[in-house]
Each structure stands twice: as structure tokens, then as C-alpha cells.
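Read through the structure below, which is laid out as C-alpha cells, and then see the notes.
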Amino acid sequence: MKKRRPLIFLNSPVILLFTGICLLALLASNLTGGRSNDLLFSVYRSSLASPFTYLRFIGHVFGHVSREHFMGNIMMILVIGPLLEEKYGSANIAIVILVTALITGIIQFVFFPGVQLMGASGVVFAFILLSSFTSFRDGSIPLTFLLVACIYLGEEIYDGIFLRDNVSNLTHIVGGLIGAALGYLMNKKN
């Protein structure tokens with residue numbers, strides 16, 4: 001007798017775990033009036049003697065200020081992430097997330113002492129630029145990568161100069177650069 005395949009299967013464990021942690025962080029924020037975001041899920045200048053400072057260097061990518069903020073980031077991650085996880089593997093995608101979180105967290109901590117940062121948009125931009133490397137061949141840079149880099153990063157640079165909003169354009173730019181660099185390295189290795 002032929003064994004039936006399950007109707008639903010776990011296709012992208014890192015992306016699903018990331019999404020689940022972000023959802024739990026949003027629920028915790030709603031239940032605590034935002035105090036959990038302040039403690040664990042945002043990065044800002046604080047004492048280096050506090051162990052929470054170091055947790056926030058990574059934890060800020062899980063926090064979101066609202067349902068709309070969460071949905072905007074998570075929808076992009078759920079669309080792009082599984083494709084990337086299938087191509088590059090779960091371990092590499094976890095590395096992209098952690099490196100993006102750590103670098104953007106440290107940059108925020110060092111250069112923007114009076115600003116609190118949270119959200120997965122740096123990871124989204126890393127994934128966007130990483131996805132444009134999926135057709136990388138023989139050391140050549142895909143034209144689609146150049147177009148994506150020019151359009152997304154160009155818009156973020158423009159917005160960072162001319163718009164004053166609560167969006168961290170530098171985090172988007174840094175996330176995109178990390179995605180591009182890691183995409184180049186992972187594809188060059190293969």
C-alpha cells in the first residue's frame with residue numbers, strides 16, 4: 001500500500017522559527033504595554049554592564065511596534081525566505097539573520113545613542129539583495145542584482161536624505177549590503 005504524503009509539511013524551519021519568535025515578541029509587547037520591547041526586542045544605547053544590552057544586539061530584529069509593522073516585514077520574509085532557505089540551506093539563512101541583526105544592532109548602538117530601533121526590515125533587505133544572487137554563475141554578477149541594488153538601496157539613500165520619518169534607512173542599507181556580501185560569498189564558494 002502506498003504511503004500518503006501529508007497535506008502540510010515543514011518546508012522552511014529557520015524562517016518559520018523566526019516568524020514564530022517575532023509573533024511571540026509582538027504578543028509579549030501587547031501584553032506588557034511595550035515593556036518587553038524595551039527590555040529585549042529593541043536596541044538603543046544602554047550600559048555595557050547590563051547583559052540585556054548584548055541580547056538586544058540580536059533581539060531587536062524580533063520586535064515590532066505594531067501589527068502593521070510586523071505584517072509588513074513578515075510577509076516579505078515569508079515570501080522570500082523559504083526560497084532562499086531551499087537554495088542556501090537552513091544554517092546559512094540563520095547566519096544571514098544573525099549577522100544582519102548583530103551588525104545593524106551594533107551600528108545603531110554606537111552611532112545613534114538617542115534612537116531606539118526594532119524590527120526585521122534589515123533582514124528583509126538582506127534577503128532582497130541575497131535573492132538577486134540566486135542566478136550567480138561562474139563569478140559573474142547577475143544584472144538583476146545590479147538593478148535591485150540600484151533601485152532598493154538608491155531609494156533608501158534618497159529617503160534617508162530627504163524624508164524624516166521613523167524608518168531606519170541606514171538599517172535597510174546595511175541589511176542590503178550584508179545580503180549582497182553574503183550572497184556573493186555563498187555563491188562564490190559553490
Side-chain angles (χ1 to χ4, degrees), residues 8-26 41-43 58-105 107-108 117-137 140-160 165-190:
I8 299 173
F9 67 98
L10 181 69
N11 65 321
S12 189
V14 170
I15 297 303
L16 291 170
L17 178 62
F18 182 84
T19 300
I21 294 170
C22 289
L23 179 60
L24 290 174
L26 180 64
F41 304 118
S42 60
V43 65
I58 301 288
H60 71 95
V61 297
F62 302 117
H64 291 85
V65 73
S66 66
R67 184 181 59 81
E68 294 78 17
H69 185 212
F70 169 81
M71 293 298 287
N73 284 330
I74 293 304
M75 287 306 293
M76 289 295 289
I77 287 171
L78 286 172
V79 169
I80 300 169
L83 302 171
L84 295 173
E85 192 166 344
E86 184 177 318
K87 172 160 176 67
Y88 296 110
S90 297
N92 283 330
I93 293 305
I95 288 168
V96 170
I97 293 169
L98 291 173
V99 167
T100 302
L102 185 60
I103 291 174
T104 58
I107 287 172
Q108 184 72 24
L117 174 72
M118 73 179 79
S121 59
V123 174
V124 169
F125 274 78
F127 281 3
I128 289 169
L129 273 285
L130 178 61
S131 70
S132 64
F133 266 97
T134 56
S135 59
F136 185 91
R137 287 183 184 84
S140 299
I141 297 174
L143 178 58
T144 54
F145 165 75
L146 296 175
L147 290 172
V148 168
C150 288
I151 292 168
Y152 272 98
L153 295 180
E155 181 182 17
E156 291 305 313
I157 291 168
Y158 175 86
D159 289 352
D165 55 18
N166 287 331
V167 175
S168 177
N169 303 97
L170 182 62
T171 300
H172 297 173
I173 293 167
V174 171
L177 293 173
I178 292 166
L182 292 176
Y184 178 79
L185 293 172
M186 286 189 287
N187 281 290
K188 188 175 179 182
K189 184 174 71 172
N190 293 334

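Under the ring pair (Phe, Tyr, Trp, His ring centres under 6.0 Å) criterion, Phe41 pairs with no residue at all, not counting sequence neighbours. For Ser132, the side-chain hydrogen bond (donor to acceptor under 3.5 Å, both in side chains) test picks out no residue, with sequence neighbours left out. Remark: Leu23 engages Leu27, Phe70 in a side chain to side chain contact (heavy atoms under 4.5 Å, CB included) (not counting sequence neighbours). Every side chain to side chain contact (heavy atoms under 4.5 Å, CB included) that Asn73 has, sequence neighbours left out, goes to His64, His69, Ala120, Ser121, Val124. Applying the side-chain hydrogen bond (donor to acceptor under 3.5 Å, both in side chains) test to Ser12 and every residue at least two apart in sequence or in another chain returns Glu85. With sequence neighbours left out, the side chain to side chain contact (heavy atoms under 4.5 Å, CB included) criterion links Leu17 to Ile21. Remark: Leu177 engages Leu153, Ile173 in a side chain to side chain contact (heavy atoms under 4.5 Å, CB included) (not counting sequence neighbours).
The CG atom of Leu83 sits 9.0 Å away from atom CG of Asn11, with the distance rounded to the nearest 0.5 Å. One finds the CG atom of Leu182 at 11.5 Å from the CG atom of Leu84 (value rounded to the nearest 0.5 Å). From Ile128, atom CD1 reaches atom CD1 of Ile151 across 11.5 Å, with rounding to the nearest 0.5 Å. Between Ile178 atom CD1 and Leu130 atom CG the span is 11.5 Å, to the nearest 0.5 Å. Separation of atoms OG1 (Thr104) and CD1 (Ile58) is listed at 8.0 Å; rounding is to 0.5 Å. One distance of note links CG of Leu10 with CD1 of Ile15; it measures 11.5 Å at 0.5 Å rounding.
Here the closest heavy-atom approach between residue Thr171 and residue Gln108 is recorded as OG1-OE1, 4.5 Å. Nearest heavy-atom pair across His60 and Ala101 is NE2-O, 2.9 Å. Heavy atoms only, all atoms of each residue included: Leu26 and Arg67 are closest at CD2-CA, 4.1 Å. Between Gly122 and His172, the shortest heavy-atom distance links the atoms N-CD2, 4.5 Å.
In this structure the side chain of Lys87 reaches within 4.5 angstrom of the side chain of Asn187, judged on heavy atoms. For the pair Val61 and Phe18, the minimum side-chain heavy-atom distance is below 4.5 Å.
Screening Thr100, Val79, Val96 for a side-chain contact (heavy atoms from CB on, under 4.5 Å) involving Phe127 leaves a single residue, Val96.
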